[in-house]
S.K.: 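Have a look at the structure that comes next, please.
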There are 2 protein chains.
Amino acid sequence: MTDIAIEKKPSPETPSLKVPMRVTVLGGGSFGTAMANVASRNGCDTRMFIRDPAIAKEMQETRRNQRYLPDFVMDENLSFTSDIEYAVRDRDLILVAIPSSSFREVLRQIAPFISGQAIVSLTKGIEPDSFALMSDIIREELPQVAYGVLSGPNLAKELMAGIPAGTVIASPSEAVRFAVHQALASALFRVFANTDVQGVELGGALKNIYAVAMGMGAAYHVGENTRSMLLTRALAEMSRFAVRLGANPLTFLGLSGVGDLIATCSSPLSRNYQIGLALGQGKTLAEAVEALGQTAEGINTIRQVRAQAEILDVYMPITCALYEVIYEGKPPLGIALALMQNGHRSDVEFVLPNTTPAS
Amino acid sequence: MTDIAIEKKPSPETPSLKVPMRVTVLGGGSFGTAMANVASRNGCDTRMFIRDPAIAKEMQETRRNQRYLPDFVMDENLSFTSDIEYAVRDRDLILVAIPSSSFREVLRQIAPFISGQAIVSLTKGIEPDSFALMSDIIREELPQVAYGVLSGPNLAKELMAGIPAGTVIASPSEAVRFAVHQALASALFRVFANTDVQGVELGGALKNIYAVAMGMGAAYHVGENTRSMLLTRALAEMSRFAVRLGANPLTFLGLSGVGDLIATCSSPLSRNYQIGLALGQGKTLAEAVEALGQTAEGINTIRQVRAQAEILDVYMPITCALYEVIYEGKPPLGIALALMQNGHRSDVEFVLPNTTPAS
């Protein structure tokens with residue numbers, strides 16, 4: 001068998017000439033933690049910014065993220081701080097893993113300390129009200145920085161367990177793409193490059209809608225044929241929407257598109273799937289949320305995207321059907337069968353345009 | 001709830017002015033049977049050609065396909081014949097569901113009776129030795145006919161059970177695309193259109209390779225992250241190969257590309273997956289085939305496609321890695337880890353071309 005060194009560190013006999021990259025992760029959620037751990041294992045000088053000093057101290061001492069990833073010990077070289085200036089100043093790469101609702105606020109806080117650091121968003125989502133993507137917020141708040149977005153099928157627990165995975169760094173800057181590859185890529189984590197920032201971000205932002213749909217479908221008699229059809233129709237409307245916003249439809253062939261969609265829709269335990277299942281079983285949204293004990297991100301995304309699709313005049317039959325079930329009390333089975341009778345349409349409209357108007 | 005009529009037939013009060021389409025299916029395998037049943041249920045005048053007169057008679061009497069789909073009763077209006085001239089003459093649509101190794105021979109047999117019928121291939125595969133796709137064979141043998149290919153995630157048993165599904169008809173002729181939609185589309189079976197015949201066919205022909213890879217991966221510690229990465233890298237190399245042969249990469253976003261790939265790779269009981277699993281567990285090909293009692297289509301496809309990729313100079317790392325494991329006795333884990341260390345590459349090369357040469 002091949003000699004496999006999974007966590008290779010530079011040995012004392014062969015000193016590396018490479019200066020370790022200085023990486024900071026903002027935010028102490030599960031994905032930020034997993035990425036900080038990947039960077040630190042890779043030999044980067046890595047800091048995590050945790051707002052609450054008590055939690056930062058606890059993480060520094062226990063090397064565990066008790067709230068989000070209690071079962072894993074983090075890399076021994078990773079350090080933690082609640083001093084935002086110290087976290088951000090004189091670093092090479094700032095990875096921002098802050099919820100979309102406070103993403104803009106955090107960029108405003110770090111603005112005074114930015115002088116050449118590249119900013120990379122790890123956040124999948126859309127800013128409430130503005131419909132801004134995280135890259136839009138970076139460009140608005142820090143117009144002079146080099147930036148990128150990281151997105152892909154990256155369940156944090158699997159990353160912490162060292163299970164092989166891949167992700168996408170999208171940036172207009174080759175320097176940023178290369179730096180992120182240097183910082184994060186390893187034998188367990190492949191980093192692929194893309195230039196289509198909006199396409200990559202929209203894949204991550206929209207996918208939760210279809211996990212709700214998949215859960216709702218599971219309440220009926222669906223098979224592999226049906227699941228595959230639903231996933232490809234989901235891709236059709238995600239890419240249609242993204243193209244309307246300037247993205248490249250081919251991006252959806254990649255890890256951040258179909259890759260993340262498959263991973264998200266294959267998790268029957270996810271909140272999005274469970275809410276969809278309850279709705280398919282005839283529960284109202286209020287009943288479904290009560291049964292689950294919490295709501296799911298996809299439910300809000302459906303409302304946001306449906307409103308935006310109306311403004312932009314984009315045909316999104318699955319999103320609109322989910323909206324009708326969730327917010328207008330329509331029967332799920334009737335809605336599903338109406339979708340099945342949508343007439344003679346193109347499979348991939350970027351290959352063969354639809355001539356009949358969407359209804 | 002909505003009033004749902006799943007198998008609506010024209011009622012005597014509202015006579016349909018539509019002349020029923022005359023459809024013939026050549027071949028009595030499971031997929032041909034399922035499609036003949038779909039057409040017949042839809043009101044088409046449908047015949048199946050079964051070479052063996054005894055079997056044709058038995059199917060006519062029992063309305064069952066005892067060998068391939070014994071659990072299902074076929075539509076009462078479907079008829080069966082072993083007279084090839086009667087099967088083919090004066091029909092509108094000939095659906096050919098014959099294995100790739102005898103596809104050409106059957107076209108030669110029907111050639112004398114062809115006078116305007118459209119010919120649609122239902123066969124997923126590549127002709128041994130010639131590397132011809134079924135559409136190539138149709139164009140060579142019957143250069144004057146209007147033709148198409150049908151492909152998608154369509155497990156025959158699910159179709160017989162009436163579980164919702166979708167498929168793709170690819171043809172350069174709008175008349176053929178429309179006729180196939182008219183013949184087959186229903187509230188349980190959506191038919192989408194494409195013009196990229198080669199892209200649609202190659203999706204169906206190549207997917208089995210990756211079911212072998214998925215099975216091999218299952219022998220190790222893989223998660224949803226890994227599965228999603230493998231599927232998207234499979235799409236990358238399938239579309240790269242297809243584009244080299246003139247296809248449109250966007251076709252792989254559709255049902256015949258990613259849709260069929262997902263369905264095929266999600267069946268742990270499939271032969272392709274089982275052979276891959278045995279290989280991943282360290283068995284040789286001979287041992288794996290013996291354990292399974294039979295070989296799998298993907299094993300031959302790997303050899304065919306790897307040879308063709310070499311001729312065409314197309315980078316197909318997964319196919320080549322599988323070839324090395326299966327035919328050269330290389331260790332699967334070492335091969336998999338080498339794939340993980342393939343450097344800084346583009347996620348979707350049709351968006352961002354790779355600048356470093358493939359190794």
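Excluded from the calculations below are hydrogen atoms, water molecules and symmetry mates; all remaining heavy atoms, backbone and side chain alike, are included. Please read all numbers here as calculations on a predicted model, not as lab measurements. Letters A, B, ... are given to chains in the order of the sequence lines, protein chains preceding strands, and every chain is numbered from 1.
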S.K.: Can you tell me which portion of A:Ala185 sits under 4.5 Å from chain B's heavy atoms? Options are side chain, backbone, both or neither.
M.R.: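 A:Ala185 has no heavy atom closer than 4.5 Å to chain B.
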S.K.: Tell me, do B:Asn225 and A:Leu159 make a side-chain contact under 4.5 Å, heavy atoms counted?
M.R.: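 The answer is yes, as the side chains (C-beta and beyond) meet within the 4.5 Å cut-off.
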S.K.: Name the member of B:Leu261, B:Asp260, B:Leu339 that forms the most heavy-atom pairs with chain A at distances under 4.5 Å.
M.R.: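 Top option by heavy-atom pairs under 4.5 Å: B:Leu339.
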S.K.: Restricting to non-hydrogen atoms, name the atom on A:Gln341 and the atom on B:Ala187 that form the minimum distance, rounded to 0.1 Å.
M.R.: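 Nearest pair, atom of A:Gln341 first, then B:Ala187: NE2-CB, 3.6 Å.
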S.K.: For B:Leu155, is it the side chain, the backbone, both or neither that has a heavy atom under 4.5 Å from a heavy atom of chain A?
M.R.: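 Contact with chain A is through both the backbone and side chain of B:Leu155.
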S.K.: Against chain B, label A:Leu231 side chain, backbone, both or neither, depending on which of its atoms sit under 4.5 Å from a heavy atom there.
M.R.: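 Side chain only.
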S.K.: Please classify the contact between B:Phe189 and chain A as side chain, backbone, both or neither, with a heavy-atom cut-off of under 4.5 Å.
M.R.: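 For B:Phe189, backbone heavy atoms alone lie under 4.5 Å from chain A.
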S.K.: For chain A, which candidate among B:Ile163, B:Leu250, B:Val348 shows the most heavy-atom pairs at distances under 4.5 Å?
M.R.: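 Among B:Ile163, B:Leu250, B:Val348, the one with the most close pairs to chain A is B:Leu250.
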S.K.: Please report the interatomic distance CZ(B:Phe192) to CZ(A:Arg233), rounded to the nearest 0.5 Å.
M.R.: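 B:Phe192 atom CZ to A:Arg233 atom CZ measures 4.0 Å (nearest 0.5 Å).
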S.K.: Just verifying a value: how many Å separate B:Asp347 CG and A:Ser151 OG, rounded to the nearest 0.5 Å?
M.R.: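 Result: 10.0 Å between the selected atoms.
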S.K.: If you count heavy-atom pairs within less than 4.5 Å of chain B, which of A:Glu349, A:Lys330, A:Arg227, A:Arg177 leads?
M.R.: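 Most pairs with chain B among the choices: A:Arg177.
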S.K.: Test your reading of the model: is there a side-chain donor-acceptor pair from A:Glu224 to the backbone of B:Pro153, 3.5 Å cut-off?
M.R.: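 Here the side-chain-to-backbone pair does not exist.
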S.K.: Rounded to the nearest 0.5 Å, how far apart are CE of B:Met238 and CG of A:Leu253?
M.R.: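 Spacing of CE (B:Met238) from CG (A:Leu253) equals 10.0 Å.
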S.K.: Which of the residues B:Pro164, B:Gly166, B:Gly259, B:Gly162 is involved in the greatest number of heavy-atom pairs with chain A at under 4.5 angstrom?
M.R.: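 Heavy-atom pair counts peak at B:Pro164.
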S.K.: Relative to each other, are the rings of B:His181 and A:His344 parallel, tilted or perpendicular (30° and 60° limits)?
M.R.: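 Ring orientation, 0 to 90° scale: tilted.
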S.K.: Under 4.5 Å heavy-atom distance to chain A, tell me which part of B:Ser239 shows up: side chain, backbone, both or neither.
M.R.: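 The side chain, not the backbone.
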S.K.: Does any heavy atom of chain B fall under 4.5 Å from the side chain of A:Val351, the backbone, both, or neither of them?
M.R.: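 Contact with chain B involves both backbone and side-chain atoms of A:Val351.
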S.K.: Is B:Asn194 in contact with chain A via its backbone, its side chain, both, or neither, using a 4.5 Å heavy-atom distance?
M.R.: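 Both backbone and side chain.
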S.K.: Most heavy-atom pairs under 4.5 angstrom with chain A, which of B:Val191, B:Asn248, B:Val200?
M.R.: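 Ranked by contacts with chain A, first place is B:Asn248.
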S.K.: Can you tell which part of B:Leu255 gets under 4.5 Å to a heavy atom of chain A, answering side chain, backbone, both or neither?
M.R.: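 Both parts, backbone and side chain.
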